[in-house]
2 protein chains.
Amino acid sequence: MAKGESDFAAEAELNLGEFEASASFMLRLAELASYQAVSSLQTEVELSLPEQTVLVAIMMNPDARQGSIADRLHIRWPNMTKLVARLEKKKLITRRVSAEDRRVVTLTATNEGVEVARGVRERLIAYDKRALSMLDESECAQLVALLRKVVGWPSPAAKS
Amino acid sequence: MAKGESDFAAEAELNLGEFEASASFMLRLAELASYQAVSSLQTEVELSLPEQTVLVAIMMNPDARQGSIADRLHIRWPNMTKLVARLEKKKLITRRVSAEDRRVVTLTATNEGVEVARGVRERLIAYDKRALSMLDESECAQLVALLRKVVGWPSPAAKS
DNA sequence: GCATAATTGTTCACTCGGAAACAAGAGTGC
DNA sequence: GCACTCTTGTTTCCGAGTGAACAATTATGC
């Protein structure tokens, strides 16, 4: 066996045993796969995926508190500060200190930000479908329902 | 009132629209949730979750090529180099240059590494169950099956 | 044989995410 | 009023992940 070895399967198939049935492990791999799939489809926008998500969230929730959005999207506050600064620098959002509680920073999309966010939202939804095209519609819905349980979000119309 | 706890209503008021039905978006949130859940259960080991996973993979696949493990676990090669260096520094694995192809580095767990890896594997499996305790057994299996499809791994004994 | 390409892994420079410490505003008790 | 604490967001520092360029080895074309 010059180079092909006696056992060709050994190279191709690594054994991961019970890990292949570990939900959190598979969750990590699947997240990486879908993230990269969606990212690779991105060509038009100069925003990272988290930035796009935050921008859309701000667009859909005007005057929301910065911390609320961070918590909902599982973004740490220090990182949210930097992320918001980048969006503000690009004039997509504005930061305003609340009058009632001057610790609070509220976020609102600018006109340009709303414009961009609308396009981003459409593309993200479309790319999501393409990136997960290995699942049919019912499987996709099933997956989302299970993931909502994992995240702890109440499912709106959950049955089964 | 604890910070992110009782103020659930305010957070729930945030509208994320179609994103809540986006599989890739929910995948990201769920991965974060499970990762942090498993991490928070970790107290005995001084290894990161990726390090633990790689160590177990090496333990279960002696003499496997470094690149093969990296590819399978979706770890980029530059990062794998550093990760492997850390494991080697802790004397959990050994790196060997292959005789047949001297570009190739093969990895094997040391005796201590095997010992640690066995414990890690057991704990990871147990913590996985605890971190995903919001799912019952059948839901968990269903989730794993769907995630395997997303990742592109053929389901072993599962008949569609 | 020798130049060229392809594979395998590493180094480098950079960005991003994280915990801890910090600043500033608001609430509480006296 | 004043000290104390909690909340909200920021700054600082560090570790981890990534792409690009690199070195070393092997395969390929002629």
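Within every chain, numbering begins at 1; the chains are lettered A, B, ... in the order of the sequence lines, protein sequences first and strands thereafter.
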For this session: Determine the contact category for A:Asp101: base if any of its heavy atoms lies under 4.0 Å from a base atom, sugar-phosphate if only primed atoms, P, OP1 or OP2 are that close, otherwise nothing.
Result: sugar-phosphate
For this session: Describe the nucleic acid contact of A:Glu100 in one word from base, sugar-phosphate, nothing, applying a heavy-atom distance below 4.0 Å.
Result: sugar-phosphate
Problem set entry | A:Leu83 vs B:Met80, nearer the 5' end of DNA chain C by closest nucleotide | B:Met80
For this session: Could you pick out which residue, B:Thr106 or A:Ile75, lies toward the 5' side of DNA chain C when each is mapped onto its nearest nucleotide?
Result: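 Looking at the nearest nucleotide for each, B:Thr106 comes out on the 5' side.
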Given atom [atom1] of [X] and atom [atom2] of [N], what is their separation to the nearest angstrom?
X        : N      : atom1 : atom2 : result
B:Asn79  : C:dA13 : CG    : P     : 18 Å
B:Asp71  : D:dG17 : CG    : P     : 16 Å
B:Arg28  : C:dG17 : CZ    : C1'   : 11 Å
B:Leu32  : D:dA16 : CG    : C1'   : 15 Å
A:Arg103 : C:dA26 : CZ    : C1'   : 4 Å
B:Trp77  : D:dC22 : CH2   : P     : 19 Å
B:Lys82  : C:dC14 : NZ    : P     : 14 Å
B:Gln66  : C:dT7  : CD    : C1'   : 14 Å

Exercise. So, is B:Arg95 near the phosphate of C:dT10, with a side-chain N or O under 4.0 Å from OP1 or OP2?
Worked result: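 So the side-chain polar atoms of B:Arg95 do come within 4.0 Å of the phosphate oxygens OP1 or OP2 of C:dT10, strictly under.
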Exercise. Has A:Arg102 got a side-chain N or O lying under 4.0 Å from the OP1 or OP2 atom of C:dG25?
Worked result: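 Indeed, a polar side-chain atom of A:Arg102 lies that close.
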Among [options], find the nucleotide with the atom closest to the side chain of [X].
X       : options               : answer
A:Gln36 : D:dG9, D:dT8, D:dT18  : D:dT18
A:Arg76 : D:dG9, C:dT10, C:dA19 : C:dA19
A:Arg65 : C:dT7, D:dG9, D:dC6   : D:dG9

For this session: Mind checking side-chain hydrogen bond (donor to acceptor under 3.5 Å, both in side chains) for B:Asp71 and listing every partner two or more places apart, or none if nothing turns up?
Result: B:Trp77
Problem set entry | Side chain A:Asn61, main chain B:Leu14, donor-acceptor under 3.5 Å |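 No: the side chain of A:Asn61 does not pair with the backbone of B:Leu14.
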Exercise. Got a donor-acceptor contact below 3.5 angstrom from the B:Lys90 side chain to the B:Glu46 backbone?
Worked result: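 It does hold such a pair.
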For this session: Measure the shortest side-chain to side-chain distance between B:Thr110 and B:Val114 over non-hydrogen atoms and say whether it is less than 4.5 angstrom.
Result: no
Problem set entry | Nearest-0.5 Å distance, CD of residue B:Glu31 to CG of residue A:Leu32 | 7.0 Å
Exercise. For DNA chain D, whose closest nucleotide is more 5', that of B:Arg86 or that of B:Pro78?
Worked result: B:Arg86
